Amino acid sequence: MRLRKAYIPTLKEAPADAEVISHKLLVRAGFLRKLTSGVYIYLPLAWRSLNKIANIVREEMDRAGAQELHMPMVQPSDLWQESGRWDFYGKELLRFKDRHDRDCCLGPTHEEVITDLIRGEVRSYRQLPLNLYQIQTKFRDEIRPRFGLLRGREFIMKDAYSFDCDDEGADVSYRSMYDAYWRIFSRLGLRFRAVEADSGSIGGSFSHEFMVLAETGEDMIVSCTSCSFAANVERAPVVWRGESCRQQCPPVELTATPGAHSVAQVCDFLGVQPQQLIKTVIFAVDGNPVAVLVRGDREVNPVKLKNLLNAGELAIAAPEQVREWTGAPVGFAGPQGLHAVMHVYADLELRGGTDWIAGANRGDMHVLHLNLTRDATVTAFADLRVIGAADPCPLCGAEIETARGIEVGHVFKLGTKYSKALNAVILDEQGRERHIIMGCYGIGVSRVLAACIEQNNDADGIIFPPPIAPYDVALLNLDTQNADLCAKAEELYAILQTQGLDVLLDDREERPGIKFKDADLIGLPVQLVLGGRGFGRGMIEAKDRRSGEKAELPLEGFAAAFATWREHVLQGWK
RNA sequence: CGGGAUGUAGCGCAGUCUGGGAGCGCACUUGAAUGGGGUUCAAGGGGUCGGAGGUUCAAAUCCUCUCAUCCCGACCA
């Protein structure tokens, strides 16, 4: 592509609404323009990169035995009613009516459609296993879209669905996708981790997330410094080391704590440490009150609570609800007497202590010397808190470390959730009817592009990993007034293309500085600089965008010299 | 949905408090010089000041409504 003809609108300044680096650079480098909140136009450069990503995904999915198809984006409500998700999915599902007043939605995911397809066609175990996938635009009406392509409302996703007749087969399918994902993200040149994850609203029994490591990631992940354990903090179990409880504890005593409704305020007021407190958090679980107790310096993990209670909707109770249920304003709830109005769940860790300080269920009052077993009734003890950096690895007990990640892939073992809801059955070898065992597997293709840039950039712009760069080589003709130089540029342009490379030739009548800046901003892995200086000596400059390393290559025998140099650059990425 | 803010040329912004010429930088067009890291000079083109209504002799500016966008929060008591 000749830059003179290309639509690559680069900008000196980033738009004011861009916050994260990938968003700023994608806009500045001429990849992306916003249409409306969370909805973007992919310009030619972005589209080339996205296609390269998609093709790598395709190759590995095909290699894993999956078959590509393409499903509709507009879906009827009936299927969603049938699966139960029409009511359950929430406002992220964009709903509308067609001219006949029929309820429709834009597909945020395709379990319903694919299951409907399969139940109508597949009758025998002989037709399984099957794995079908598509690469398609999805729409999720996110509560707050932000960070450009990292959390858009409209985005490109690869979604795959596997169908097996038994659990063993489903496990094989799952493993095969897990391995394919590993290959995909490795080939894309990303630094990533695969972690155990919660299965969320998609449902199902087991899942892994593939996380690109980046400071701007919205997810926290933990991993063991010694063994293979790695998980999203949402899911990471906390082991209770079972320290014995101190038996001595004076009688409960009321104490005034005016205005102290946070752990920090209570600690300041009483001159105590957060570890001596019990934090009582009131949740509304499907409309009913539930209390969760954790140590004052810990955080409740709502995902664990949701799973423990097998709950649908779960939220922190509103202030009015807290007042109604506990009789006290927010900040003064405590375990005493709560069991009369709600279930009380306590984190395992609270078993290991006594003589607690807790809310008194009265405004501006706390209690001292609380002994949970003596002074309150706990429905159950369970692992309910968020893992912390000081906690040991739940598998081997070694030290753990935390990191931020961007979720770019997710594999789920769904089990029979959708095949039961939509009655997708087959006949097994014995002629018995069985529900199909399903799995689903997603990759955020457009998010991969942004995540990759979050991970690979510097002050000058993007640094593209070679596999997903929109072009392989930037060829800069520094002086378009010089006919000899232009002829040489064209010659090199042709040579590179015969080597199978995608080349972006800067043939604009611009000053060299502009060409250098734009080349760095767009971030193609290799730059070739053809200018008067080197040309006079029969040389051309090559620059590795990642390392900044430069070399002079001879124009005589250029093809071979360049191939060697480029190989050297590619090695740097390994 | 709660809180905060912003909408003025393609992009970044000033002007709004205190009403009276619609401006600056970049980008764009033309010309000249320059020619290896966003060069310089000159001359230009481009805006219903987000929209509607109101107050006023007069509104980007004041008032009301509305639309849009962004930030923070919407789990930690």
Side-chain angles (χ1 to χ4, degrees), chain A residues 9-20 23-24 27-28 30 33-39 90-91 143-148 233-234 257 259-267 274 277-285 290-306 313-319 321-323 325-326 328-334 347 358-359 361 363 366 384-386 388 459-461 476-482 485 506 508-521 527 529-536 540-541 543 548 550:
Chain A
T10 57
L11 300 171
K12 244 175 156 171
E13 290 172 287
D17 58 16
E19 217 192 346
V20 295
H23 188 192
K24 287 179 183 169
V27 173
R28 280 193 57 209
R33 290 294 183 266
K34 183 172 73 181
L35 180 61
T36 183
S37 178
V39 178
K91 289 187 176 171
I143 194 165
R144 181 142 96 88
R146 58 181 138 180
F147 305 146
V233 289
E234 284 183 346
T257 51
H261 50 79
S262 72
V263 168
Q265 287 165 333
V266 173
C267 288
L277 269 63
I278 287 179
K279 188 152 74 177
T280 305
V281 186
I282 311 297
F283 283 86
V285 180
V290 169
V292 177
L293 314 179
V294 293
R295 212 170 75 180
D297 58 332
R298 305 298 193 188
E299 291 184 10
V300 176
N301 183 333
V303 172
K304 288 180 179 175
L305 179 64
K306 193 171 180 175
E313 215 165 302
L314 180 146
I316 278 268
Q321 293 177 306
V322 172
R323 188 178 277 276
W325 291 333
T326 70
V330 164
F332 299 96
D347 184 65
N361 295 321
H366 278 73
L384 286 169
R385 70 176 173 91
V386 174
D460 294 319
L476 279 56
N477 176 1
L478 290 193
D479 186 2
T480 50
Q481 308 291 304
N482 182 329
L485 222 51
D506 195 341
R508 294 175 299 174
E509 290 183 39
E510 293 286 358
R511 298 177 59 81
I514 290 178
K515 300 188 180 187
F516 288 129
K517 288 287 184 192
D518 275 346
D520 286 347
L521 180 61
Q527 295 173 14
V529 180
L530 186 63
R533 277 185 198 166
F535 187 59
I540 183 168
E541 256 173 54
K543 177 176 147 184
K550 290 178 182 171

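All of these numbers come straight from a predicted model, not from anything done at the bench. Every chain is numbered from 1, with letters handed out A, B, ... down the list of sequences.
The CZ atom of A:Arg28 sits 12 Å away from the C1' atom of B:G12 (whole-angstrom rounding). In this structure, A:Ile278 atom CD1 and B:C76 atom C1' are separated by 15 Å, rounded to whole Å. Look at CG on A:Leu478: it is 18 Å from P on B:U34, rounded to the nearest Å. When the P atom of B:G36 is taken as reference, atom CG of A:Asp518 falls 17 Å away, rounded to whole Å. In this structure, the CG atom of A:Asn477 is 12 Å from the C1' atom of B:G36, given to the nearest Å. Distance A:Ile143 CD1 to B:C71 P: 14 Å, rounded to the nearest Å. To the nearest angstrom, P of B:U40 lies 10 Å from CD1 of A:Ile514.
With a cut-off of 3.5 Å on both pairing distances, the Watson-Crick or G-U wobble partner of B:G53 is B:C63. Using N1 to N3 plus N6-O4 or O6-N4 for Watson-Crick, or N1-O2 and O6-N3 for G-U wobble, each under 3.5 Å, B:C11 pairs with B:G25. In this structure, B:U16 makes no Watson-Crick or G-U wobble pair, since no nucleotide meets both defining distances under 3.5 angstrom. Across every strand in view, B:A42 sits in a pair with B:U30 that passes the Watson-Crick or G-U test at under 3.5 angstrom. In this structure, B:G73 and B:C1 make a Watson-Crick or G-U wobble pair, each of the two defining distances being under 3.5 angstrom. The nucleotide B:A68 finds its pairing partner in B:U6, both defining distances of the Watson-Crick or G-U wobble pair being shorter than 3.5 Å.
Regarding contacts with the backbone of B:G37, every side-chain N or O of A:Arg511 stays at 4.0 angstrom or more from both OP1 and OP2. The phosphate of B:C70 has OP1 or OP2 within less than 4.0 Å of a side-chain N or O from A:Lys34. Put simply, A:Ser37 has a side-chain N or O that comes within less than 4.0 Å of OP1 or OP2 on B:C70. Contact check, A:Arg144 against B:C70: no side-chain N or O comes under 4.0 Å of OP1 or OP2. Distances shorter than 4.0 Å separate none of the side-chain N or O atoms of A:Arg295 from OP1 or OP2 on B:C76.
One cannot find a donor-acceptor pair under 3.5 Å joining the base of B:G36 and the side-chain atoms of A:Asp479. For A:Glu510 and B:G38, a side-chain-to-base donor-acceptor distance below 3.5 Å is absent, hydrogens and geometry of angles not being considered. If you check distances only, the side chain of A:Glu13 does reach the base of B:G25 with a donor-acceptor pair under 3.5 Å.
Using a 4.0 Å heavy-atom cutoff across all strands shown, A:Pro15 reaches sugar-phosphate atoms only and no base atom. Within 4.0 Å (heavy atoms only), A:Asp17 reaches sugar-phosphate atoms of the nucleic acid but no base atom. Residue A:Gly296 is out of contact with every strand shown, counting any heavy-atom pair closer than 4.0 Å. Heavy atoms of A:Ala14 sit under 4.0 angstrom from primed sugar atoms or phosphate atoms, though from no base atom. Residue A:Val263 is in sugar-phosphate contact alone, with no base atom involved, counting any heavy-atom pair closer than 4.0 Å across all strands shown. Looking at heavy-atom distances under 4.0 Å, A:Glu541 makes contact with a base. If you check every strand for non-hydrogen atoms under 4.0 Å, A:Ala291 touches nothing.
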Report task. Test A:Lys515 against A:Thr480 for side-chain contact (heavy atoms from CB on, under 4.5 Å), laying out the working first. Result -> CA-CA 12 Å; A:Lys515 300 188 180 187; A:Thr480 50; 3.9 Å; yes
Requested in this report: Go through A:Lys543 and A:Asp520 one step at a time and tell me if the salt bridge (charged side-chain N to carboxylate O under 4.0 Å, His left out) criterion holds.
Outcome: CA-CA 10 Å; A:Lys543 177 176 147 184; A:Asp520 286 347; 3.1 Å; yes
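With both ends at atom P, the span from B:U48 to B:A22 equals 13 Å, rounded to whole Å. One C1' atom belongs to B:U16, the other to B:U6, and the distance between them is 13 Å to the nearest Å. Look at the C1' atom in both B:A32 and B:G15: the space between them is 35 Å, to the nearest Å. Comparing B:G3 with B:C62, their P atoms are spaced 22 Å from each other, to the whole Å. A distance of about 10 Å separates the P atoms of B:G21 and B:A59, rounded to the whole Å. Separating the C1' atom of B:G7 from that of B:G47 is a span of 14 Å, rounded to the nearest Å. Comparing the C1' positions of B:C24 and B:A5 gives an interatomic distance of 23 Å, to the nearest angstrom. Remark: the separation of the P atoms in B:G73 and B:U61 is 33 Å, to the nearest Å.
The 5' end of RNA chain B is approached more closely, in terms of each residue's nearest nucleotide, by A:Leu530 than by the other of A:Phe283 and A:Leu530. Between A:Asp520 and A:Glu19, the residue whose closest nucleotide on RNA chain B is further toward the 5' end is A:Asp520.
Separation of atoms CG (A:Asp17) and NZ (A:Lys24) is listed at 10.5 Å; rounding is to 0.5 Å.
Panel note: side chain A:Lys279, backbone A:Arg298; a donor-acceptor pair is recorded below 3.5 Å. Under a 3.5 Å cut-off, the side chain of A:Thr36 and the backbone N or O of A:Val39 do not form any donor-acceptor pair.
Residues A:Thr257 and A:Phe332 have side chains in contact (heavy-atom distance under 4.5 Å, counting atoms from C-beta outward). A:Glu509 has its side chain within reach of A:Gln481: a pair of non-hydrogen atoms, C-beta onward, lies under 4.5 Å apart.
The side chain of A:Ile316 sits closest to B:C75 out of B:C75, B:C71, B:C13. Each of B:A68, B:C76, B:C71 was ranked by its minimum atom distance to the side chain of A:Val300; first place goes to B:C76. Here the side chain of A:Lys543 is nearest to one of B:G37, B:G38, B:C72, namely B:G37.
For A:Leu485 against A:Gly532, the heavy-atom pair with the smallest separation is CD2-N, 4.0 Å.
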